[in-house]
Amino acid sequence: AVRLCRGRALLSRLRGAPRALRGLAAGPEMHFGFQSVTEEERREKIYQVFESVAKKYDVMNDSMTLGIHRVWKDILVHKMNPCPGTLLLDVAGGTGDIAFRFINYVRSVRDRQLRMKLKHHQSLSWQEIFENYQEDKFNSLGDSQVVVCDINREMLKAGKQKAQHLGYSEGLSWVLGNAEELPFDDDKFDVYTIAFGIRNVTRIDLALQEAYRVLKPGGRFLCLEFSHVSNPLLSRLYDLYSFQVIPVLGEVIAGDWRSYQYLVESIRQFPPQEELKAMIEDAGFFRVDYENLNFGIVAIHSGFKL
Amino acid sequence: VRCQHYPPLRALQASAVLRRVSDEHKKEPFTSSSQQQFDPHPAGHQPEQEPQGPRSSYTGQGGQESEDYESEEQLQHRILTAALEFVPEHGWTAEAIAEGAKTLGLSVAAAGMFHSDGSDLILHFVSECNAKLSELLEKEQKLVQLGEAEKKPTDEFLRDAVEARLRMLIPYIEKWPQALSVLLLPRNIPSSLSLLTRMIDDIWHYAGDQSTDFNWYTRRAVLTGIYNTTELVMLQDSSPDFEDTWRFLENRVADAMNMSNAASQVQSTGEAVVQGLMGAAVTVSN
């Protein structure tokens, strides 16, 4: 049954109950928004949610967050500060937002590098300059690569279409895979990102362990996710906006009330910053830290495999 | 699809890179002095970061061995030291740190542990140089105490100390202006200032300064001024082996010495004048 807008009193009651289930499967009962379901049901339902929102995913993101999600993703990539030659795994990368930003960033860094190199060679002959351009023409990304991995075929399809539309082809690959069981070898990637995806993973601890496994020693784990707002006034406004406005937008723009109801409910069910930090440390990461954006509406967690 | 199942307990090998400190003794030292930096902390040292918590609770009997693993700080230290050799090419940037991490077998993403403006690398380098200088001065002092060397006069001592410290910049002199500008960013001023004052303090200590009055402040202020101006001169000096810089340094130190003589002369003159006036006043009143 679909739960319609819940009051704030119910919020606090329900927050207590599934707390024991976060991250670890204490039993077959898990949360799907504010409903209680089994693990299998949860995976199934989440798959359906994203199957139905895939086409309107980007439009909805813009309208729900008033475009601020772009800034959040930009901040994530800036925090990553990748240099050319970085291998990125973007899990739950869906429509490729992080992947495209990564490519843009690396391209501009590479451009700057090439320009600096040429500046040093002040007195090259025309022949040498020509050769320089030749060899670097096919290396505009400096061997950087991003692998976008998502469990949902529809989301990957939407992402591939977007890439084609925007003209991204080099250094990009699309893989169907489950964050809890990644189809990659150990010690492969420099950076692992999961933006607004870890909330939808059923067994977060498994996903974190997989992240640890596929990262190279020294590799970085970055997680961008909705989180807990501690400021009480802002929290009330945020709740109001989430439960009154977002499902309505979902119905009007995407014709799908239920998926967006799930979205805002799942945000409330997700562990707060400190708890997620503890879970990341449990998976073996060091120097785990988080940065709140917009007073905790969104948080970026970062950890290193040392 | 690969499937990896991890035991719930984290084995000692969970840390991919933090290695046993004993391994480090086999490693080729970066310079003879920095080898001392690699010495493990006294036995029983427990790296204090919280990751040690879960590890020690799981390793049980193996808990003893976990003490020998290097801490994150030591790993960072190693990365920064390795990064220094890439500075002439990349400057004091996150790229140099990334290259340094690569040589240690780590991913380039490890550079994300440090601040992106490269300030961590610069501060590391400055504190390493200061440590080397202290060692040098300590050795010289021992020689003097053993009677194997003559005690230098103050101005020569100061000159030699500042020259030795500035010579450490020579391999990185091209990119040093960039480093100075980063050190002057408001965010970095507390750390860079404290490193500078500690170094100046060190030099004066080994020069034999034991003043407890206002002289303490004037001496340090003067030497800081000499050091900073000489550093700036060195940055745009193109003479062979920086001769012009050392001559500038000599002149500044001489100036400082003259000034202190002049100051004491002024004081004694002042006293004499005052006494003369008092005498005149007494005469007139009679």
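Every chain is numbered from 1 and lettered A, B, ... according to where its sequence line falls, protein lines coming before strand lines.
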**Asked** Which heavy atom of B:A98 sits nearest a heavy atom of A:C83, and at what distance?
**Response** CB-SG, 4.1 Å
**Message:** For the interface with chain B, which of A:K79, A:K216, A:M116, A:Q113 has the highest count of heavy-atom pairs at distances below 4.5 Å?
**Reply:** A:Q113
**Item:** B:E174 CD: over 12 foreign heavy atoms closer than 6.0 Å
**Value:** no
**Item:** Nearest heavy-atom neighbours spanning A:D190 and B:V108
**Value:** OD1-N, 3.9 Å
**Toward chain A, the part of B:Q76 with a non-hydrogen atom under 4.5 Å** = side chain
**Prompt:** Rounded to the nearest 0.5 Å, what separation is found between the NE2 atom of B:H115 and the CG atom of A:N81?
**Reply:** 10.5 Å
**Message:** Check this for me: B:K102, atom NZ, are more than 12 non-hydrogen atoms of other residues, nucleotides or ligands nearer than 6.0 Å?
**Reply:** no
**Prompt:** Which answer fits B:A101, side chain, backbone, both or neither, if we ask what part of it has an atom under 4.5 Å from a heavy atom of chain A?
**Reply:** neither
**Least distance between heavy atoms, A:R220 atom then B:G112 atom** = NH1-CA, 3.7 Å
**Closest contact, heavy atoms only, A:F286 versus B:E72** = CD2-OE2, 3.2 Å
